[in-house]
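Notes follow the structure.
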Amino acid sequence: MDMFPYPSGDLHMGHAEAYALGDVVSRYWVQRGFNVLHPIGWDAFGLPAENAAIKRGLDPRQWTYDNIDQQRKSMENYACSFDWDRVLRTCDPIYYRWNQWLFLEFYKKGLAYRKNSNVNWCPSCQTVLANEQVVAGLCERCDTEVTKKALTQWYFKVTDYADRLLDDLDTLEGKWPSKVLTMQRNWIGRSYGASVRFEVENRDEPIEVFTTRPDTLYGATFMVVAADSDLASELVADADSDTKAKFAEYLETVKKTSDIDRLSTDREKTGVFLGRYAINPLNGEKLPMWASDYVLADYGTGAIMAVPAHDERDMEFAVKFDLPIRTVVDTGEEDPQVTKIATAGDGVLVNSGPLDGLRKEQAIAKAIEVLQQRGTGEKTKTFRLRDWLISRQRYWGTPIPIIHCAKCGEVPVEQDQLPVELPDSQGLDLAPKGTSPLGGAEDWVNVDCPKCGGSAKRDTDTMDTFVDSSWYFLRFFSPNSEQFAFDPDGVKQWGAVDQYVGGVTHAILHLLYARFFTKVLFDMGMVDFEEPFSRLLNQGMVLMDGSAMSKSRGNLVKLGDQLEEHGVDAIRLTMSFAGPPEDDIDWKDVSPQATSKFLARAWRVAKDVSESSAEGEPDIDVRKATHSFLNEFETNIENFKFNVAVAKTMELVNALRKAIDSGCGAGNPAVREGAEELAKGLSLFAPYVAEDMWHLLGHESPVALAGFRDIEKELLVQDSVTAVAQVNGKLRDKFEVSVDISEKELEALAMNSENVKRAIGDSEIAKIIIRAPKLVNIAVKG
RNA sequence: GCGCGAGUGGCGAAAUGGUAGACGCGCUGGCUUCAGGUGCCAGUGUUCGCAAGAACGUGCGGGUUCAAGUCCCGCCUCGCGCACCA
C-alpha cells in the first residue's frame, strides 16, 4: 500500500517516484501469484482546499473533487495497478461518518477528552496545532512562528499508550527503516527516574518533581519552577510586593518570548527568586525556590530540583545567580565546584550521607528505596509525548460529533444521527478568524439537546486530518460499507498492511497516530494485530540541481511534460533505476532518453524472436543466463534493490542480444525463454512495453499475470569459474577452472604461474591459503 | 551539544571479509547508414609503459586478518533527526 495523496493539483515527480516503486512491489507479488490488495484513496480534507476557496472563491468540495478526478486520470495513465473498486475519499460523508463513530468510541473509553491548556496556535492559519505539527517553533504548514493560547480543546489520550507505542517498535526492527524507529523513540522519549516530594514552608501540600538522578539529591541546592506554570503564580502570591512585582515583570517577558528564541541554544539563563523555600526530603536542607523559563510547564511536573554540580543547565543558572554548588558524585574529573563545569557521568557518591561510596546506578536505587521508605517519593517514568490535540478551528474537516448543552454538558450525538454532515460552504465565512467557520452556520449549530430536549449547540471544531489517515488502511477492506467502519472479515483476510510505501516526512506524525489507533482498535477487539504496517519503505525525494523542485525556485520539472516526451514506461523505469529507493534522485543526473533506448533494445529482442522460427536444442549458456537472472532479480526486488534488479534485466538483454547476433540465434528455444522472462521482469517497471513484447511473443493473456518460470536450480550451478591467485593478498593471476577443482590442483596452477613466481621472487613462503575453486593466496615473508 | 546515517571513477551507482568499480550515463575509436541526436561492436580508475606488466587506488590516521570498501579504534567532512525533556 502506498501512502494516499493529498489532492492538491495534479501528480508531480515525487508522486511519480513513490507510485512507481509501490507499483513495482505490488506487480512483483502479483507476478509471483499472490492475491494482492493494492488500494488507493485520497486524504481529501485539509487546509489547502479551504485556502483555495478563500483565495479564489471556490467551493472547497468542488476544488477537492476536481483535483481527485485529475489525479486519478494521471494515475491510470501512469499504469498504477490500483484496485479501482476500493477507492476512498476522506471527505465523503460515508467515510468521515466513521471518523465520528470512532471518535465516540474513543470518547466512551475516556480516550477522547476536552481540557483547557496553553496550546500551540498558528496566527496565520488561525488554528491550533498538535505538538507534532510544530517544527522548530514554526508551523509545519506555513512556517509562521507559533504562539501559545489558552483554549479548551479536544484531545486523544495517546499518552495512555506511550509504553506500548515505544516498546512495540522493537517488533519492527529490521522491517522499518531504523531512522524512523529512532525518530519515534525520541519523540515518545521515555525516561526513568524518581518523583520526589519536597515540603514547602508555609504550604500544606508538598510539591513533586521528576528527576532521572535521585542519586544527586544531596547535591540539590535550589529548586526551579516553570515561570509560566500555575504553581509559580501560586507560590509567589504570598510574597512581598517587591518579589511579586519582579515576578510579574519576568512572567511578562517570558510570555513574550517566542518558542524560536526560547529554543535558541546559547541563551543566557533568566529567572527570579520566589521568596519561598522547599525542604530536601533526605537531609532537611532549606532550598530557595526560583522561577525560570528553562523549566517547562508541561513536562514532568513543571518543577525541578536543581543540582548544579551535575547538571549543565542548573550549573549555568547557579553561576548566573550566585547559588551554591555542591559536588556529590566524584567522577574522576575535576571538581565542578571549582571548574563550574557540571559532571554528569558515572562515579562514586560523596557528601551524601547513606549514599556515600556507592556508584551512580546503586545510588539511584538506594535513593529511591530511602524515599519510598519515608513516603516522600518513588520510582517513576516520564514521557516527552503529549496527548494529541485534535480540534481545529477550520471548515474543511470532520465535524466533532458532540453537542454542548447548558444543562447536560457534553452530549455525544446518537449513533443513528451520524454522520454529522458538514453544512454547505455557501454563505459561510471561511476566512480564518480564530473560531470555527461552522459557528456561522446557524441552522446547523443550533440543535435540541438529545438528552433533555433543551436548546443546545453543536461543537463547531473539526478534527485534525491526521485522524482520517490513522485508520484509512482498514477502510479499504470495505470502502463503501454503511454497516461498519471496516469489515471484520476483511481484517481477517488481509490483516495488517504487509508493505507500506511513502515519504519519510511522515516518520512521526502519521505513523505514530496510525499505530496508536491500531492499538486502541486492538484493545476494542476490532483488529487482531497491534502494528498497522508490517514493513515500511521510505522513498527519497526527487530533486533538481540539489534542491527541492518548486515553481518559485524555477527548477520545476513537470511530470506531464516528462511523460509526454519519454513515455510512462521510461519515466517509471528511470525512477526505479536511478539509485536505491531511499536515496534522493536528482533529475539532472538521470537520463530518461537512455532508459527509452534500453526499452527499445529489450523490445527488439522480442521482435527478433517473434520473426524467427524455433530451431535447435536450447542453448545451455543462454538458459543459465535466464535462470540466474530470475534468481537475482527476485532477491533484489524483495530487498527493495530495484536499481540492481533493473541492472540485472539489462544484463539479460545484453546476453540475449549477443546470443541472437553472434550465438545460437533468435530461433533458439533458450532465447525465447529468456525473452519471455525478460518481458515478465520488465512488466514491473514498464508495463506497456512488456505487454507489447509478450504479445509479440504470441501470448494473448496479460503479461502481468503470466507468473515467473520456476528457477531450475541446476542451471544456477556454474561449471567453470574464474579463480584468482594472490600473493600477500595482491592479485597476480587468474585462470578459468572447473568448479570441482581440488585444492592441490588449484595450488599447482597458482605455483606454476609466471606472474605468481615473479611476485614471490626469492621470498620464503610462509603460508598458502586455498579457497577452492575461487582463490589461492600465498603469504610470503619479507 | 546529543543521536543516527553516509563519504567508492568525470557522473548516477554495484560489491555474503576473498577479482573494487556490476549496470547505466558520458567520453574515445570502429562498423552500419545518403545521412544521423539511430543501431551494432570494442575501449574507458590514475600514473608509467609500444607491449607484457608494474605501482598506486573506496574521506584521513591507526589496528585486526593470509586477505579490509566491508570488522575494530580515533579523527575530518556532509546530510538528517532531536535539541534547556530535568
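Naming: A, B, ... by sequence-line order, numbering from 1 per chain.
When heavy atoms are screened at a 4.0 angstrom cut-off, S191(A) is found touching the sugar-phosphate backbone but no base atom. Within the nucleic acid shown, A647(A) comes within 4.0 Å of at least one base atom, counting heavy atoms only.
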Item to check | Contact state string [nucleotides 38-53 of chain B, B base, S sugar-phosphate only, - no protein heavy atom under 4.0 Å] | outcome: -SSS-----------S
Next on the checklist: So if I define the base as every atom that isn't primed, P, OP1 or OP2, how would nucleotides 4-19 of chain B read as a B/S/- string at a heavy-atom cutoff under 4.0 Å?
Outcome noted: -------SBSSS--BB
Checklist outcome for this item: Given protein heavy atoms under 4.0 Å, the one-letter contact record of nucleotides 58-63 of chain B, with B base, S sugar-phosphate only and - none, is simply ------
Only distances under 3.5 Å count here; give the side-chain donor-acceptor pairs of residues 628-635 of chain A to other protein atoms, sequence neighbours excluded, each with its distance to 0.1 Å.
| residue | atom | partner | partner atom | Å |
| --- | --- | --- | --- | --- |
| T635(A) | OG1 | N631(A) | O | 3.3 |
| T635(A) | OG1 | E632(A) | O | 3.1 |

Below 3.5 Å, can you tabulate the donor-acceptor pairs from side chains in residues 730-737 of chain A to any protein atom, sequence neighbours excluded?
| residue | atom | partner | partner atom | Å |
| --- | --- | --- | --- | --- |
| D733(A) | OD2 | S753(A) | OG | 2.6 |
| E736(A) | OE1 | S720(A) | OG | 3.1 |
| E736(A) | OE2 | T722(A) | OG1 | 2.7 |

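Taking D584(A) as the reference, nothing meets the salt bridge (charged side-chain N to carboxylate O under 4.0 Å, His left out) condition, with sequence neighbours excluded. Among residues two or more places apart in sequence or in another chain, the salt bridge (charged side-chain N to carboxylate O under 4.0 Å, His left out) test is passed with K658(A) by none. By the salt bridge (charged side-chain N to carboxylate O under 4.0 Å, His left out) test, K757(A) pairs with E754(A), sequence neighbours left out.
The salt bridge (charged side-chain N to carboxylate O under 4.0 Å, His left out) contacts involving residues 300-311 of chain A comprise D311(A)-R313(A), where partners must be two or more places apart or lie in separate chains. Applying the side-chain hydrogen bond (donor to acceptor under 3.5 Å, both in side chains) rule to pairs touching residues 376-385 of chain A yields D163(A)-K381(A), S195(A)-E378(A), R197(A)-E378(A), sequence neighbours excluded.
Remark: aromatic rings of F577(A) and F642(A) are distant, center separation not under 6.0 Å.
Nearer to the 5' terminus of RNA chain B, by closest-nucleotide assignment, is the contact made by W187(A) (compared with the other of W187(A) and T301(A)).
Residues from residues 540-548 of chain A placing a heavy atom under 4.0 Å of any atom in RNA chain B do not occur.
The closest donor-acceptor contact from the side chain of S547(A) to the backbone of L543(A) lies at 3.5 Å or more, if one exists at all.
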Protein-nucleic acid N or O pairs under 3.5 Å, nucleotides 29-31 of chain B:
none

